[in-house]
Amino acid sequence: MARTRIHELLHKTPVGADVTVRGWVRTRRDSKAGDAQRFSFVEVYDGSCFASIQVIADDGLANYEDTVRSLTTGCSVEVRGTLVESPAKGQRVEVRAASLALLGGVDAEKYPIQKKQTSFEYLREIAHLRARTNTFGAVARVRNRLAFAIHEFFQARGFYYIHTPIVTASDCEGAGEMFTVTKLDLKSPPLTQAKDVDFSQDFFGRHARLTVSGQLNVETYACALGDVYTFGPTFRAENSNTARHLAEFWMIEPELVFADLRDDMALAEEFLKHLFKTVLDDCGEDLAFFKQRIEPTVIETLTHVVEQPFEHMTYTEAVKTLLASGEKFEYPVEWGVNLQSEHERWLTEKHVRKPLIVTDYPRDIKAFYMRQNEDGRTVAAMDVLVPKIGEIIGGSQREERLDVLEGRIRELGMEPADYWWYLDLRRYGSVPHAGFGLGFERLIQFSTGMANIRDVIPFPRTPGNAEF
Ligand code: 4AD
Ligand code: MG
């Protein structure tokens, strides 16, 4: 008999149906010594939803004493039986077992997932098992729903999904924090006359690295197909050990054509609201858990964000506001410096108390491709800041003027020839266009209230960590 998923059993399957459940034991409770009949309640989960189903197994089962009575957390089982109405509070139905087979046992003494020892730090050391816990199961389901909602959002609006490469020769963000991809012999790599590594002899015939962003590549398709997006893994070799940084993270990058910064900001706001609304509508059970156990304000916050218009402020206004705040920041603020996470958080959490879009940053702290404003000092950039996280989206209108873009590349000490294909987009049929990048894990953090970004991706890659 095919298994019925617990989600279906709890919500759809009619009472009285014969069912087969396959899953893992969450807990077992036995009847008390004085009870007339010996029986056990076994909570079984199968990942299809947050809830487990209660199975009642009694001593009428041939293997009751030696199998059922020794079930412990994590054992895998197959239960056949009947779905009956549950007299217990908080559940519609339960399964009365006609048979219960142990599929895979667990040595309870050695099982690393113990009730008492489940700090997130500890669970990171057993990342291959942590998906079995309530928290990581819930995170995985929200992550899955959001990934799908991203495609739903763009597909409904006529955007094409473009697969951009992971191995690249260009540094999109210009920060140089990239991982090298090589087949050279690391013990004795070929050297140039200047004693640099000679990547022309490497697999790709050049210095290849893991991409920090799909943007430059996705722009090429935007300038041919119209509105597009890419959604894939990106890599940053920055040594930041924070609760918001990963060395490998997923990014969603739409690119809009015949569009300016206003269009870009409007899309970002509509996009985030769509995603948060989806979580509120479709992940209720998991959200209830996050509210109860992780972040009491998570549902309120998401609802508030969906309902309120985002706030807007230029970088120059943001700096003025921060200077006038009277707040003591660890990093001092002045016009021209990058906003630190503490500044971003103060602005969005304390000052406007909702998502805030900061625009028009100084050109010297932003990437080369951003469109220069008339004032000669700022660029048409925007960052979306949200409470607890700070920057969740970074985007801009792109410099579509060939001469200005070439000038900027030179000014930054880079070589226009290295960007020949990117510059071709401005050489042939250039159009105003704009886009942004949403960090997928920061989105999940905000949606669940999970404090550390390492706990919203199955296998986090951070400095010193790539075990699993
Ligand atoms: O602001 P960033 O660097 O923008 C870009 O990469 C542009 N090329 C995007 C574009 O215009 N198409 O990164 C975008 C977002 C950030 O706002 C943040 O949410 C996330 O990516 N992000 C990270 N998330 C986790 N770990 C890191 N190390 C991250 N760096 C950026
Ligand atoms: Mg950024």
Side-chain angles (χ1 to χ4, degrees), residues 146 150 159 162 164 168 170-179 210-222 227-257 259 261 263-265 267-268 271-272 275 315 338-341 343-344 348 355-359 361-362 365-371 379-386 388-399 422 433-447 450 452-457 460-463 465:
L146 280 169
I150 284 159
F159 285 63
I162 307 299
T164 49
T168 180
S170 33
D171 178 0
C172 173
E173 293 307 302
E177 292 169 325
M178 299 177 80
F179 294 102
L210 295 179
T211 191
V212 295
S213 158
Q215 179 197 324
L216 302 188
N217 291 90
V218 94
E219 279 186 51
T220 66
Y221 271 67
D227 301 338
V228 294
Y229 67 106
T230 179
F231 178 12
T234 46
F235 306 85
R236 308 245 168 137
E238 52 196 341
N239 195 9
S240 18
N241 277 293
T242 79
R244 317 179 309 144
H245 287 90
L246 290 166
E248 177 182 80
F249 65 99
W250 287 63
M251 186 155 50
I252 303 99
E253 297 181 272
E255 195 68 29
L256 286 163
V257 288
L261 193 67
D263 302 309
D264 202 32
M265 293 190 289
L267 182 75
F271 183 42
L272 285 178
L275 297 177
Y315 167 90
N338 242 320
L339 296 184
Q340 298 293 326
S341 156
H343 308 133
E344 296 175 343
T348 166
L356 169 66
I357 309 187
V358 178
T359 60
Y361 284 80
I365 56 171
K366 289 291 185 184
F368 73 97
Y369 54 72
M370 296 191 179
R371 193 176 197 280
V379 284
M382 63 111 177
D383 277 4
V384 182
L385 315 180
V386 294
K388 300 262 164 70
I389 310 277
E391 178 190 341
I392 195 167
I393 281 181
S396 67
Q397 185 171 338
R398 319 306 188 191
E399 184 56 78
Y422 188 68
H433 59 293
F436 62 78
L438 166 64
F440 190 43
E441 285 73 22
R442 292 192 188 172
L443 172 76
I444 301 166
Q445 279 192 278
F446 192 77
S447 305
M450 292 292 288
N452 197 309
I453 199 165
R454 298 167 196 219
D455 300 327
V456 298
I457 187 165
R461 269 81 181 96
T462 53
N465 295 303

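Each ligand, and each atom within it, is numbered from 1 in the order the structure gives.
- In the model, N465 has a side-chain atom that pairs as donor or acceptor with a side-chain atom of T462 under 3.5 Å.
- In this pair, Y361 and Y315 present their aromatic rings tilted. The plane angle is within the 30 to 60° band.
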Which donor-acceptor pairs under 3.5 Å do side chains of residues 247-254 form with protein atoms, sequence neighbours excluded?
from, atom 1, to, atom 2, distance (Å)
E253, OE1, S213, OG, 3.4
E253, OE1, G214, N, 2.7
E253, OE2, S213, OG, 2.7

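- T230 and T164 form a side-chain donor-acceptor contact under 3.5 Å, judged by distance and modelled atom types alone.
- Side-chain N/O atoms of Y369 and E173 include a donor and acceptor closer than 3.5 Å.
- Here the side chain of R244 pairs a donor or acceptor atom with the backbone of I389 at under 3.5 angstrom.
- Within the protein, the N, O or S atoms lying under 2.8 Å from the Mg ion (ligand 2) are E391 OE2.
- Residues of the protein with a heavy atom under 4.0 Å from ligand 1 are C172, E173, S213, Q215, R236, E238, R244, H245, L246, F249, M251, E253, Y369, E391, I392, I393, G394, G395, R398, G435, F436, G437, G439, R442, I453, listed by chain and number.
- In this structure, F231 has its ring center under 6.0 Å from that of F440.
- Scored by the ring-ring contact (aromatic ring centres under 6.0 Å, His included) test, Y229 finds H151, F154, Y161 as partners (sequence neighbours excluded).
- Contact check on R398 versus D264 returns no salt bridge, with no Lys/Arg side-chain nitrogen under 4.0 Å from an Asp/Glu carboxylate oxygen.
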